[in-house]
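Working notes, beginning with the structure itself.
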Amino acid sequence: MPKVSTFTVVPKLPPALEPLLSIAHNLWWCWDHEAIELFYRIDRALWESTGQNPVSLLGEVTQSRLEELSGDEGFLAQLSRVWLRLQDYLKATPWRDKHPDAPEYFRVAYLSAEFGLHESVCIYSGGLGLLAGDHLKSSSDLALPLVGVGMFYREGYHRQYLNADG
């Protein structure tokens, strides 16, 4: 049987825009309003069509648009603010340093069937998932050593909606 390889071709980020990749791969962006606005500014229609997923957005945006943004002083200033804020967030004092008397390997396991982190991460369907996602976000903000343990849905989680008949 012949070996089949798949390749994903994505635009190359200009050096000035390289922090976008790190921001997109850290879920912190989904609760930072200026980070969300940053991705929205790249291409509004593409942001919506990719389900507000910054990794997908960066994989589908045109090279010419990236080159244009790399020369946009307003966009670069916003990118710099968001990037610096993420760096500050990541340098926050770990929970362990604030609680030296805690056991050395202290971890909190949060078990939930779903975690509502953002609509682009389809692993939740409603209220309890959103609550679990908020717990993860708050724990991250507190630098608490919390690990979310959930279900992996191979086909994505289902979407709920109300039609005209309720």
Side-chain angles (χ1 to χ4, degrees), residues 8 10-11 13 17-61 65 69 75 77-99 102-166:
T8 303
V10 295
L13 290 176
L17 302 181
E18 285 178 355
L20 282 172
L21 202 53
S22 294
I23 296 167
H25 282 93
N26 188 311
L27 283 171
W28 167 87
W29 70 264
C30 72
W31 64 93
D32 184 272
H33 297 290
E34 192 173 14
I36 295 169
E37 172 63 24
L38 182 70
F39 291 114
Y40 182 73
R41 281 182 69 180
I42 292 173
D43 185 319
R44 292 175 180 164
L46 190 55
W47 177 246
E48 294 301 326
S49 71
T50 59
Q52 300 180 6
N53 182 320
V55 175
S56 295
L57 172 79
L58 292 176
E60 294 185 29
V61 68
R65 178 61 177 149
L69 290 169
F75 184 83
Q78 184 177 10
L79 173 58
S80 178
R81 284 192 307 272
V82 171
W83 174 244
L84 291 174
R85 210 166 41 258
L86 174 59
Q87 297 309 300
D88 288 344
Y89 185 84
L90 294 173
K91 292 177 189 169
T93 303
W95 182 88
R96 180 103 188 87
D97 291 353
K98 296 176 188 174
H99 300 87
E104 184 177 347
Y105 294 105
F106 177 77
R107 299 285 183 278
V108 176
Y110 192 121
L111 285 79
S112 178
E114 52 186 298
F115 292 96
L117 299 167
H118 187 262
E119 57 263 21
S120 68
V121 184
C122 299
I123 56 172
Y124 74 101
S125 68
L128 290 177
L130 293 174
L131 178 63
D134 287 345
H135 286 151
L136 292 182
K137 293 172 188 177
S138 296
S139 296
S140 179
D141 287 345
L142 296 170
L144 181 70
L146 183 135
V147 177
V149 180
M151 305 287 287
F152 177 68
Y153 301 97
R154 291 186 187 278
E155 302 298 322
Y157 210 83
H158 63 275
R159 297 186 187 273
Q160 294 180 347
Y161 63 92
L162 294 175
N163 63 16
D165 299 322

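Counting from 1, the numbers follow the sequence of the chain as shown.
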Rounded to the nearest 0.5 Å, what separates atom CG in Leu130 from atom NE2 in His135? 11.5 Å
Rounded to the nearest 0.5 Å, what separation is found between the CD1 atom of Ile42 and the CH2 atom of Trp47? 8.0 Å
Leu79 versus Pro19: any side-chain heavy-atom pair under 4.5 Å? yes
To check you understand the geometry: which heavy-atom pair defines the closest contact between Pro94 and Ala143, and what is its length? CA-CB, 3.9 Å
Tyr110 versus Ser139: any side-chain heavy-atom pair under 4.5 Å? no
When every non-hydrogen atom of Val55 is compared with those of Asn53, the smallest separation belongs to N-OD1, 3.0 Å
Straight-line distance of Asp141 CG to Leu136 CG, nearest 0.5 Å: 11.0 Å
Are the side chains of Ile23 and Phe39 in contact, using a 4.5 Å heavy-atom criterion? yes
Could you tell me whether the side chain of Asn26 reaches within less than 4.5 Å of the side chain of Tyr89, counting heavy atoms only? no
Does CG belonging to Leu128 count more than 12 external heavy atoms closer than 6.0 Å? no
Where do Gln52 and Cys30 land on the side chain to side chain contact (heavy atoms under 4.5 Å, CB included) test, with the steps shown first? CA-CA 10 Å; Gln52 300 180 6; Cys30 72; over 6 Å; no
Taking side-chain contact (heavy atoms from CB on, under 4.5 Å) as the test, write out the residues that go with Leu46, two or more places apart. Asp43, Ser49, Thr50, Leu57, Glu60, Val61
Main chain of Phe106, side chain of Arg96: is a donor-acceptor contact present, judged purely on distance under 3.5 Å? no
Residues two or more places apart in sequence or in another chain: which of them pass side-chain contact (heavy atoms from CB on, under 4.5 Å) with Asp32? Trp28, Glu34, Ala35, Arg85
Is a side-chain donor or acceptor of Ser138 paired with a backbone partner of Asp134 at a separation under 3.5 angstrom? yes
Exercise: identify the closest heavy-atom pair between Trp83 and Ser22: CZ3-CB, 3.4 Å
To the nearest 0.5 Å, what is the distance between CG (Leu144) and NE2 (His99)? 8.5 Å
As an exercise, state the distance from NE2 of His33 to CG of Leu38, rounded to the nearest 0.5 Å. 14.5 Å
Indicate the atoms forming the closest heavy-atom contact of Ser140 with Trp31, along with that distance. OG-CZ2, 3.8 Å
